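Bear in mind that the values here come from a model prediction, so they are computed numbers and not experimental data.
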Amino acid sequence: MLERILPRAIDPASGTESVSLMTSIIGAVHLDRTLARTLGWRGVKPSFAGGAAWTFRVAGSDAVHGLEFIDEESGDGLVTGRFRLYEVPAEQVKDEGRREALRELSLKSGELAGFRSGTLEINFSADGAGLLLSTECPWAGHTGTMRVFALFAATVRAVLEAPAELILNAERSESGELILAPSAAYGTFTGQMPGRRMTALHFVHRPRSEELESLPVVHVVTGFLGSGKTTFLREWLEYLHGRERFTGVIQNEFGEADLDSLILSGQTRVESLDDGCVCCSLADTLRPGIERLIAATPAEQFILETTGVASPSFVMDSLWTLGDLVRRGLLIAVADGYDLTQNPSRLDETDCIRDQVASADVIIVSKADAVEDEALERLSARLKLLNDEALIIEADHGRIPFAVLDKFYEHWLDTRGYELPSRSGRAVKLRPAPAGRGPIHFGAPAVSDEASGRFTTRTVEFDGPMTTDRIRDLVREAGPALRRAKGVADIEGEGRMLIQCASGVLAIEPVPADAAEAGFSDGRSFLVLISERPGTQPETPA
């Protein structure tokens, strides 16, 4: 039976076969993230520097749990491994020293001695035909240990694809304390152990309907023009792909030149919607775009990056109508920390920004590295006035502790104790965009203009190499109405360069290597200028 997860002969003399088996069990279930989540796993971190240990979270508990190998015995064809359990309450995890001890449990378990909650024992036959999992813990405060035992019992049953016989024993200690000792028997251990038979474990995780569905999740990333959405998204994708959580992207560009989808290409499968504002043509383009991604990418999640002038609440509502294809995830709004601290009135006057902030489940304050701490605090306070339920995270060059997003979403899935802002209909109501728009060509160098309500885009294509001074002149000539500029060009003396301008800051940098390989090798040079239309009122279309 055990050869399913340990495809070799068991060596009782090694003294660490129980560690090998436990490693195989945990590793096997996490090869299927959907299965792991359904069973109740909420993240696991191995620690082997000073022995064998794991730190993990369990559905239904805010505590952080630990599992540490103690010792192993063998004889008469049986191997017995003992592990120590830890349970650190959420409020205790806030201490940085304690968090470090949890991260390096195999080295620093002594610092967590006060949080030991019980033991976990694994017995298995040397011929691999049977396994017995058991724990022992006091009745007082037993909930955490029983939840962990239920998690491991269900995990063993899933990876071995074998039925479990559940047994409960209880006895009094010398001090009169009631001690619980549940067991789960598999294979040849079935029917051999004394105790009361149970039909189910009380603390086993019961997944919600969403967890049982195999549909991918779609998270939506929104943010005003130039807020740093693409930079944030590149960093997030690097984090996800580094953990083999390959993610598809649906990228919606405002303007003719589809630059951002090229920047995001590389390891990422990008489906570009080129119809301008995603919310104006969602029914026609988003469904086939998602279908193409699903067919091409066996991913468990996708990220939809909307154009900077889209109404995020409309997008989230529209995803609900695509429930046969995907599940709605988080709405993440990227707020330009630099621009909103330099121009505080923009948060009050620009309905599009206010809609994005008010609708968001998570607000990423971008460019925090370029803003003073006091100014960031004032901005966070203003954002909370618009949305006091959203999680607010500051980003340094697009980077945040990305695991926080997983934890935030999974906690909401587990508890459903509150309604996410993106589902509450609290967004600012905006006017629909006018119908009809199209490029107008003026000859060489090719120039096109597109209008979408309050904003207009102008694309300038270059016939040959440019100078940095000429790029600066084009940005300066766009005037104070310019909200965003982006493009790529061959710069004299520099080579192929990426051009970005937001919040009045112009950056000319080398094209990222993976982006160059993905689509910048055709030699096309252009600059997209997105400006506010003169005379428009401070209301942004959907």
Side-chain angles (χ1 to χ4, degrees), residues 15 18-19 22 40 47 50-76 78-95 97-99 101-102 105-124 131-156 164-186 189 192-205:
S18 55
V19 172
M22 187 64 73
S47 173
W54 296 261
T55 304
F56 55 96
R57 291 184 180 271
V58 184
S61 172
D62 288 331
V64 177
H65 297 268
L67 179 72
E68 178 193 21
F69 175 64
I70 303 174
D71 56 30
E72 179 177 289
E73 298 178 355
S74 62
D76 298 328
L78 181 68
V79 179
T80 300
R82 294 194 307 131
F83 297 81
R84 185 177 289 119
L85 294 174
Y86 295 81
E87 181 179 1
V88 182
E91 60 272 14
Q92 298 290 335
V93 182
K94 296 177 181 178
D95 178 77
R98 200 160 287 130
R99 288 200 301 272
L102 283 166
L105 182 59
S106 64
L107 289 173
K108 301 183 178 182
S109 60
E111 298 178 24
L112 299 173
F115 298 98
R116 292 171 182 170
S117 58
T119 59
L120 186 71
E121 189 171 283
I122 186 169
N123 296 270
F124 51 100
L131 183 147
L132 178 71
L133 190 72
S134 58
T135 191
E136 192 174 278
C137 63
W139 168 258
H142 71 286
T143 303
T145 300
M146 291 294 283
R147 183 173 277 115
V148 169
F149 174 74
L151 171 69
F152 277 92
T155 299
V156 171
E165 183 182 48
L166 304 175
I167 308 153
L168 179 63
N169 286 286
E171 59 183 24
R172 296 282 179 181
S173 66
E174 294 182 357
S175 62
E177 185 178 29
L178 182 63
I179 304 297
L180 299 178
S183 300
Y186 310 84
F189 281 94
Q192 303 299 311
M193 309 307 298
R196 175 188 171 189
R197 265 50 183 176
M198 298 183 291
T199 57
L201 292 170
H202 292 296
F203 294 99
V204 70
H205 177 58

Show your working on side chain to side chain contact (heavy atoms under 4.5 Å, CB included) between F69 and M22 and close with a plain yes or no.
-> CA-CA 10 Å; F69 175 64; M22 187 64 73; over 6 Å; no
Is the shortest heavy-atom distance from the side chain of [X] to the side chain of [Y] under 4.5 Å?
X	Y	value
R197	I167	yes
L178	R172	yes
T145	T135	yes
F203	H142	yes
S183	L132	yes
L151	H205	no
V64	R57	yes
I122	F152	no

Report yes or no: does [X] contribute a side-chain atom to a donor-acceptor pair with the main-chain N or O of [Y] at less than 3.5 Å?
X	Y	value
S47	S106	yes
D76	L78	no
R99	V93	yes
S74	V79	no

Hey, could you give me the [atom1]/[atom2] distance between [X] and [Y], rounded to the nearest 0.5 Å?
X	Y	atom1	atom2	value
M198	L166	CE	CG	5.0 Å
M193	N123	CE	CG	7.5 Å
F124	Y186	CZ	OH	14.5 Å
R82	L120	CZ	CG	11.5 Å

What is the ring orientation for F56 with H65, classed by angle as parallel under 30°, tilted 30 to 60°, or perpendicular over 60°?
->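 Geometry flag for H65 against F56: parallel rings.
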What is the minimum heavy-atom distance between [X] and [Y], and which atoms define it?
X	Y	value
E177	P138	OE2-CB, 3.2 Å
S117	C137	O-CB, 3.9 Å
A59	R147	O-CD, 3.4 Å
I179	S173	CG1-CB, 4.2 Å
G195	N169	CA-OD1, 3.3 Å
F83	L67	CB-CD1, 3.4 Å

When you look at CD of E73, are more than 12 heavy atoms from neighbouring residues, nucleotides or ligands closer to it than 6.0 Å?
->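 Not more than 12 within 6.0 Å, no.
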Donor-acceptor pairs under 3.5 Å, side chain of residues 84-92 to any protein atom, not counting sequence neighbours: which ones?
residue : atom : partner : partner atom : Å
R84     : NH1  : E68     : OE1          : 3.1
Y86     : OH   : E68     : OE1          : 2.6
Y86     : OH   : R116    : NE           : 3.3
Q92     : OE1  : R98     : NH1          : 2.8

Salt bridge (charged side-chain N to carboxylate O under 4.0 Å, His left out) against R196, all qualifying residues, sequence neighbours excluded |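 Expected list: none.
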